[in-house]
Amino acid sequence: MRTILHSDANSFYASCEIARRPEIKNKPVSVGGSEEMRHGIILASNTEAKSYGVKTAMPLWQARKLCPNLTILPPDFKHYISVSRKLREMYDGLSPVVENFGLDECWIDLSSRDTTLKTGKEAALYLRERAKKELGITLSVGVSYNKVFAKLASDYKKPDATTLISEDNYKSIVWPLPASYMIFIGNKTRQKLNKYGIRTIGDVAKTPPECLKNWFGKLGYMHHANANGLDRSPVMKTGHEADVKSIGNSTTTPRDMRDLEDVRCVFTILAQSVSTRVREAYLKGKCVSISVRDTNLNISGAQKTLPRYTALCRDIIDSAMELFISKGFEKHLPLRSIGVKISSLVPYDAPEQLSMFSPVDTKIEALESAVFNIRKRYGIHAVQLGNILLKDDFLSINPKEEHTVHTLPFFNG
DNA sequence: TCTGGGGTCCTAGGACCC
DNA sequence: TCTGGGGTCCTAGGACCC
């Protein structure tokens with residue numbers, strides 16, 4: 001029998017801010033970005049805010065309208081990452097098997113310490129007290145015998161709580177909950193389940209797996225197993241985080257993009273960030289994808305596989321523009337947001353078959369390598385491609401610093 | 001002003017090869 | 001020459017997570 005904890009830091013960004021600025025403690029606080037970025041908000045003090053009708057994840061402008069004395073703070077990801085690291089150190093002290101899930105959640109496998117769920121509960125209390133005392137933040141911790149129920153348990157009661165789900169009590173705790181409380185059952189799956197009269201996790205558990213398979217493909221089997229407490233997926237060991245599969249950036253621009261010039265400029269900004277991050281991760285990739293969102297918020301995308309692996313900014317820009325034009329995306333103009341990413345990643349020094357039709361351009365390689373080193377020392381704005389400088393209304397976009405949240409927060413130096 | 005941005009995985013259809 | 005099966009790669013799109 002395994003003993004697995006899932007720890008969830010409550011209102012993580014807001015709690016981090018309040019911990020270092022006690023003066024905002026009793027005010028409705030929003031953290032999450034400048035208005036131009038149109039970030040969602042996270043509220044730290046729900047009681048007062050609620051009296052204004054403010055809800056979590058409400059757009060900033062709406063919340064401000066309802067609650068004029070809302071305190072709005074710009075995000076400080078460097079700070080959140082450092083708090084997240086300290087949390088991680090606490091977890092690491094309990095077990096060698098810890099898997100982080102974003103900045104504010106972790107699974108901890110205590111099985112190797114010959115523990116029971118009861119000692120798991122004691123460990124949860126220990127973590128909560130330390131987090132409160134040392135970092136000023138509260139945790140909700142779930143204790144169970146598999147990852148799915150441990151996560152469910154950490155959501156069950158918050159903030160600052162421990163919930164235990166065992167083989168004896170899961171039917172009374174888990175089964176009455178709405179199906180969408182379970183991980184991997186999002187909005188679309190919930191709607192489809194409801195259509196068939198399936199509303200609770202217990203309903204999912206009692207549905208024949210073949211039915212679920214017909215409706216949801218192989219995920220159907222997974223939902224069935226999860227609902228019955230049969231999840232056997234392992235907690236990934238420290239330092240064994242899954243390899244990165246893709247690296248990309250996208251942005252909503254300060255004004256709509258009107259023509260090809262605008263699009264090229266923004267792709268250039270994004271590609272500079274993407275190629276820098278690919279180099280930082282010591283990778284190269286072979287598949288370039290773009291996505292565009294028009295003024296009706298319709299999204300479409302396209303991708304192409306390159307003749308060889310690359311980390312070059314120039315290759316990414318050229319591929320993005322080639323895709324954009326060849327797939328007829330010009331007709332979607334004006335555009336509100338675009339993105340570019342690279343996937344099919346391999347280590348930078350992985351050997352590859354060289355093609356005589358697409359030889360490596362050693363001059364560009366040397367140039368971009370030099371630019372990379374300059375930026376590493378002086379920041380991404382130290383060197384810029386000329387076409388960006390002509391468009392000063394896009395100059396403020398800095399995808400690398402502002403939109404890179406989940407990039408290897410623990411192993412990136 | 002009307003859901004930001006970064007990711008993962010799955011599926012289905014088509015092309016191509018043996 | 002035709003037909004079919006199996007495998008792999010590529011692409012577009014959808015669903016999910018934080």
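The figures here come from the full heavy-atom set of this structure, side chains too, leaving out hydrogens, waters and symmetry mates. Labels below follow one simple rule: chain letters A, B, ... track the order of the sequence lines, proteins then strands, and each chain is numbered from 1. Everything numeric here is computed off the predicted structure, so don't read it as measured data.
Proximity note for S250(A) (side chain, C-beta onward) versus dC2(B), dG5(B), dT8(B): the nearest is dG5(B). Closest approach to the K341(A) side chain among dT8(B), dC17(C), dC18(C) is made by dT8(B) (side chain taken as heavy atoms from C-beta onward). Nearest to the side-chain atoms of I183(A) among the listed nucleotides dC16(C), dT8(B), dC17(C) stands dC17(C). In this structure, of dT3(B), dG5(B), dC18(C), it is dT3(B) that holds the atom nearest to the side chain of L297(A). Considering only the side chain of K151(A), dC17(C) comes nearest among dC16(C), dC17(C), dG5(B).
Looking at N146(A) and R2(A), their side chains never bring a donor and an acceptor atom within 3.5 Å of each other. E17(A) and Y80(A) are linked by a side-chain donor-acceptor pair at a separation below 3.5 angstrom, with hydrogens and angles left out of the test. No side-chain donor from either of R336(A) and T253(A) sits under 3.5 Å from a side-chain acceptor of the other. With hydrogens and angles left out, the side-chain atoms of Y145(A) and T3(A) include no donor and acceptor closer than 3.5 Å.
When the P atom of dA15(C) is taken as reference, atom CH2 of W215(A) falls 17 Å away, rounded to whole Å. Taking atom CG of residue N100(A) and atom P of nucleotide dT8(B), one finds them 14 Å apart after rounding to whole Å. Distance Y181(A) OH to dC16(C) P: 17 Å, rounded to the nearest Å. Taking atom CD of Q191(A) as the reference point, atom P of dC16(C) lies 9 Å away to the nearest angstrom. One atom, NZ of K304(A), and another, P of dG14(B), lie 23 Å apart when rounded to the nearest Å. For the pair F101(A) CZ and dT8(B) P, the interatomic distance rounds to 12 Å; values are reported in whole Å.
In terms of phosphate contacts, T251(A) brings a side-chain nitrogen or oxygen within less than 4.0 Å of OP1 or OP2 of dG5(B). Between T189(A) and the phosphate of dC16(C), there is a side-chain N or O to OP1/OP2 separation shorter than 4.0 Å. The side chain of T252(A) contributes an N or O atom lying less than 4.0 Å from OP1 or OP2 of dG5(B). A sub-4.0 Å separation between OP1 or OP2 of dG14(C) and a side-chain N or O of K192(A) is absent. For dG6(B), one of the phosphate oxygens OP1 or OP2 lies less than 4.0 angstrom from a side-chain nitrogen or oxygen of N249(A). Considering only side-chain N and O atoms, R255(A) lies nowhere under 4.0 angstrom from the phosphate OP1 or OP2 of dT1(B). Using a 4.0 Å cut-off, some side-chain N or O of R293(A) falls inside it from OP1 or OP2 of dG4(B).
One C1' atom belongs to dC16(C), the other to dT3(B), and the distance between them is 16 Å to the nearest Å.
Look at R255(A) and D262(A) and you find a salt bridge, because one of the NZ, NE, NH1 or NH2 atoms lies within 4.0 Å of a carboxylate O, short of that distance. Of the charged side-chain nitrogens involved, none lies within less than 4.0 Å of a carboxylate oxygen, so that D203(A) and K206(A) do not count as a salt-bridged pair.
Within the nucleic acid shown, I299(A) has no heavy atom closer than 4.0 Å to any nucleic acid atom. Note on G339(A): nothing from the nucleic acid sits closer than 4.0 angstrom, heavy atoms only.
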For DNA chain C, the dot-bracket notation using Watson-Crick and G-U wobble pairs below 3.5 Å, [ ] for pseudoknot-type crossings and | for other-strand pairs, is ....||||||||||||||
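Shown are D104(A), D160(A), T138(A); of these, the side-chain hydrogen bond (donor to acceptor under 3.5 Å, both in side chains) with N10(A) is made only by T138(A). Partner I316(A) forms a side-chain contact (heavy atoms from CB on, under 4.5 Å) with one of V274(A), L306(A), V278(A) and no other, that one being V274(A).
For H332(A) and F329(A), the ring centers are positioned less than 6.0 Å apart.
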All N/O contacts under 3.5 Å from nucleotides 10-12 of chain B to the protein, with atom names and distances to one decimal?
residue: dT11(B); atom: OP1; partner: K218(A); partner atom: N; Å: 3.1

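F324(A) CZ to L333(A) CG: the interatomic distance, rounded to the nearest 0.5 Å, is 4.5 Å.
Residues from residues 322-332 of chain A placing a heavy atom under 4.0 Å of any atom in DNA chain C, listed by number, are K327(A).
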